[in-house]
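Each chain gets a letter, A, B and so on, in the order the sequences are listed, and its residues count up from 1.
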Amino acid sequence: MAHWLFKTEPSEYSYADLVRDKRAVWEGVANATALIHLRKIVPGDVVVVYHTGNEKSAVALASVKRGAYADPKLDDPKRVVVDLVPTKPLAKPVPLAAFKADTVLATTDLVRISRLSVVPLTPEHFARILKLSGTSA
DNA sequence: GCCAACGTTGGC
DNA sequence: GCCAACGTTGGC
């Protein structure tokens, strides 16, 4: 089971939308590096949902329901998507500033590669996010 | 609104 | 295959 962080612009699709929909196809990832990560994702992987824009905070946990498959709306096998279901919100969000200030989380690609929308997390990163958010797994 | 950091495109 | 120009993302 791997851990990932997905960025989303909350005015376009937020964690609240995922809760409302109960399940979502995570589409629209076009960046080559992000797609490399996305292709490795399998059911049961854990996803930290991160809101960009004004919020700039990790806000919730979600779970992968269906692993990487070609986007049925596109005629391009490289453009894969995954299906997510909501798990729960973080007890308190973890802002980007906290990632940068934390010695463990400063090594995430969220900080190092600011434009990457699908970010791999190590188990240590994930545990640290849970701790800083006051959330139990 | 600006800019840094990339990624992509197209001319050569 | 290189690289300049341009577009996009996302933080500030």
Trainee: In whole angstrom, give the distance that lies between atom NE2 of A/His51 and atom P of C/dG11.
Mentor: 13 Å

Trainee: Expressed as a whole number of angstroms, how long is the span from A/Glu12:CD to C/dG10:P?
Mentor: 9 Å

Trainee: Atom CD of A/Glu55 to atom P of C/dC12: distance rounded to whole Å?
Mentor: 15 Å

Trainee: In Å and rounded to the nearest 0.5 Å, what is the OG to CZ distance from A/Ser117 to A/Phe6?
Mentor: 8.5 Å

Trainee: Can you hop from A/Leu130 to A/Leu105 via hydrophobic side chains spaced under 4.5 Å?
Mentor: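 In one cluster: yes.
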
Trainee: Closest approach of A/Leu35 and A/Ala30, non-hydrogen atoms and distance?
Mentor: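 That closest heavy-atom pairing would be CD1-O, 3.5 Å.
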
Trainee: Can you check the A/Lys7 NZ to B/dA5 C1' distance for me, whole Å?
Mentor: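 Distance check: A/Lys7 NZ to B/dA5 C1' gives 11 Å.
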
Trainee: Expressed in angstrom and rounded to an integer, what is the separation of A/Asn31 atom CG from B/dT9 atom P?
Mentor: 12 Å

Trainee: Measure from NZ or CZ of A/Arg66 to the centre of the six-membered ring of A/Tyr69, then state whether that distance is under 6.0 Å and the direction lies within 45° of the axis.
Mentor: yes

Trainee: Take atom CG of A/Leu35 and atom P of C/dT9, then tell me their distance rounded to the nearest Å.
Mentor: 14 Å

Trainee: Between A/Val81 and A/Pro72, what is the shortest heavy-atom contact and its length?
Mentor: CG2-CD, 4.4 Å

Trainee: Could you state the interatomic distance from NE2 (A/His37) to CG (A/Asn31), rounded to the nearest 0.5 Å?
Mentor: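 With rounding to 0.5 Å, NE2 (A/His37) is 8.5 Å from CG (A/Asn31).
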
Trainee: What integer distance in Å separates A/Ile36:CD1 from B/dG7:C1'?
Mentor: 13 Å

Trainee: Which pair of non-hydrogen atoms, one from A/Leu18 and one from A/Leu84, has the smallest distance, and what is that distance?
Mentor: CD1-O, 3.6 Å

Trainee: Could you report the tightest heavy-atom contact between A/Ala58 and A/Val48, atom names first, then the distance?
Mentor: CB-CG1, 3.7 Å

Trainee: Near DNA chain C, under 4.0 Å by heavy atom, which residues of residues 112-119 of chain A?
Mentor: A/Ser114, A/Arg115

Trainee: Write down the distance between CG (A/Asn54) and P (C/dT9), rounded to a whole number of angstrom.
Mentor: 17 Å

Trainee: Of all the heavy-atom pairs spanning A/Lys7 and A/Trp26, show the shortest one and how long it is.
Mentor: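 In terms of heavy atoms, the two residues are closest at O-CZ2, 3.8 Å.
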
Trainee: Bend across the helix from B/dG1-C/dC12 to B/dC12-C/dG1, to 10°, with axes taken over 5 pairs at each end?
Mentor: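 That helix gives 10° between its end axes.
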
Trainee: So, OP1 or OP2 of C/dT9: does either fall under 4.0 Å of a side-chain N or O from A/Lys56?
Mentor: no

